[in-house]
Amino acid sequence: AEVTRMRNDGYAVKSDISLNEKLKEVANTEGGNFEAYYQHYRDMMEVATDSLTAQGIGEEAANAVTRLTDSLKEDAMFFVNANGDVVTYPNSGIRTVIGGEEAMRMAISLQAATGNIGVKGGSSGGYFSMTLPSPKSGGIDPLSNSTRVSVPTYEWPDAVIQGKKGGYPSDIKIIYNVGTNYLNQGSDIKKNIEAFNTAEFSIAHERFMTATAIHCDVVLPVSTSFERTDIMRGAGNFLLYSKRVVPRLEGVKHDYEIYSELARRLGFHEEFTEGRSEEEWLSYFLSESEIIDVEGFKEKGIYFGEDQERVAFSEFINDPDKSPLNTPSGKIQLYSNEFAMKGAAPIPKLRPLRPNRDYPLLLVTPKSRHRTHSQNYNIKWFREMDPQKLWISPTDASKREIIDGQLVIISTPQGKIRIKAYVTEDIMSGVVCLLEGAWPKFVEDVEIQGSANAVTSTEPTLPSHGSRTHTVHVQVEKA
């Protein structure tokens, strides 16, 4: 299939929501006629439109777009003329900011306004990874949690440190860490270390001595995917059969074995295992699956579900009365009283970022090409392929008398990082860049390996209590 990529040159914007709003505005004024679509699928459109006008959002968006050229008009008309072939797929970057909720809502609004939801080649505009069902297979039902207590992931160290006194639902005594490197990948590493020190006991299942494992009281060595057989779900309509290729090392256990032994010691082994070993569970999963040729699946390693061209929300778009959405109106809900009751605007609204005089630069933390988040940082070859350094523009470097390769200090109220500067025209003025995922090492309270979360904050974006790790104001100075 032919893929057309929208250009990203020709205009500069100050926010994702302003760009989406301006695209929608141009699309409507330059020939898009979506009134029938509005009436059929969208709820409270008049109210939403009037509110947008009253709040001056259109004007705010226009001001935020600092240079509107023919490029943006072409992109807007691309939406208009595509006839349901435009994918707006915002990655996690635009939602992990202060006000990220609004960028996501506006992306959905743009797709709704241009008729690109529920059709082939389009998208909902939201970030709904792995939400469409996989092919049918068996599974283990989790045991019920009678307490129903939870805390926002982004605030986990605050919940451990503050407990009930800080307004959290419980006083957490034990940290049990499986399949994550929370100490390194959660914001504010020094606070994360404090949380591990505050907890009475901490455990990790691990293959490597990660930053998180180092701060745990007990580390249980577990098998890798190469040392066990498993059935895995992917983001698409398929199942994977992961066959063991090497025996596990002596003393290593599978995660299921560890859970089973813990369940035995806690008195509910039979309830947890249902009398099945790991191999017996895999056989059960396959017997409950839609896969007819089980041996063929094991041999090929992949099974594709029947409908490989399924489209999310297509049943709703084809017949909204028969297949309503799970919203108060049953339609695409752009105006939300429920969201407003949590302290936000009922419609997507620009929340402009205010300058910070003490910390005037914005830090972005993209992924490395040679590791997945923090995985592989412990391998020297990968570190050499993509060394940690702070990207900074010549303009910002000159103001601070910083030269390429010089050690600099990145600082925020949460901490400091000492790292080499990389002066380059490839980053805009006012922004600096440090790859995420490096493991931390502190010398005299200063992080020296470029672990970005040493300077990030656990203060979330509200009302979602989500991550805001792409809204990080920093200062950079010579070391």
Side-chain angles (χ1 to χ4, degrees), residues 13-29 32 34-65 79 88-90 92-118 123-128 131 152 154 312-313 316-317 320-321 323-354 459-468 470-471:
V13 297
K14 293 181 180 178
S15 75
D16 298 291
I17 188 171
S18 63
L19 174 59
N20 277 282
E21 175 62 25
K22 180 54 69 173
L23 283 169
K24 186 157 65 72
E25 177 187 317
V26 174
N28 280 314
T29 58
F34 307 108
E35 225 22 71
Y37 188 90
Y38 290 165
Q39 296 300 325
H40 200 42
Y41 299 116
R42 297 175 65 184
D43 187 56
M44 304 183 190
M45 278 308 304
E46 290 82 4
V47 177
T49 303
D50 291 345
S51 297
L52 279 168
T53 304
Q55 294 176 34
I57 299 302
E59 183 179 352
E60 275 190 86
N63 291 335
V65 179
F79 277 88
T88 297
Y89 187 73
S92 59
I94 74 166
R95 64 187 170 96
T96 53
V97 297
I98 294 294
E101 301 94 336
E102 310 301 345
M104 298 300 291
R105 295 167 73 199
M106 183 55 78
I108 295 170
S109 173
L110 176 63
Q111 290 297 85
T114 53
N116 280 295
I117 294 178
S123 72
S124 67
Y127 183 77
F128 302 112
T131 53
Y154 198 66
F313 306 115
F316 163 73
I317 292 298
D321 294 323
S323 304
L325 299 179
N326 185 25
T327 62
S329 66
K331 299 181 180 181
I332 299 170
Q333 195 86 22
L334 301 183
Y335 188 100
S336 174
N337 283 319
E338 290 78 8
F339 204 63
M341 290 172 64
K342 296 180 180 180
I347 55 171
K349 180 180 179 181
L350 176 66
R351 295 189 224 168
L353 191 62
R354 291 176 174 80
E459 178 186 349
T461 178
L462 298 174
S464 68
H465 288 265
S467 167
R468 45 70 58 92
H470 285 88
T471 300

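Just so you know, these numbers use all the heavy atoms, side chains as well, and skip hydrogens, waters and symmetry mates. All figures in this text were calculated on a predicted structure; none of them were measured in a lab.
Every side-chain contact (heavy atoms from CB on, under 4.5 Å) that Pro328 has, sequence neighbours left out, goes to Gln333, Glu338. Take Thr471 and apply the side-chain contact (heavy atoms from CB on, under 4.5 Å) test, not counting sequence neighbours, and it matches Val97, Ile98, Leu353, Arg468, His473. A search for side-chain contact (heavy atoms from CB on, under 4.5 Å) contacts involving Phe339 returns Glu101, Glu102, Arg105, Ser336, Ala344, Pro463, not counting sequence neighbours.
The backbone N or O of Ile117 lies less than 3.5 Å from no partner atom in the side chain of Ser124, so there is not a single donor-acceptor pair.
Separation of atoms NZ (Lys342) and CG (Asn337) is listed at 12.5 Å; rounding is to 0.5 Å. Note that the CE atom of Met106 and the CG atom of Leu350 stand 8.5 Å from one another [nearest 0.5 Å].
Leu334 approaches Pro348 most closely through the heavy-atom pair O-CD, 3.8 Å. Among all heavy-atom pairs drawn from Phe316 and Gly330, the shortest one is CE1-O, 3.5 Å. Looking at every heavy atom in both residues, Gly125 comes nearest to Ala107 through O-CB, 3.4 Å.
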Legend entry - Worked verdict on Ile332 versus Leu325 for side chain to side chain contact (heavy atoms under 4.5 Å, CB included): CA-CA 7 Å; Ile332 299 170; Leu325 299 179; 3.9 Å; yes

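The shortest side-chain heavy-atom distance between Ser123 and Gln111 falls under the 4.5 Å cut-off.
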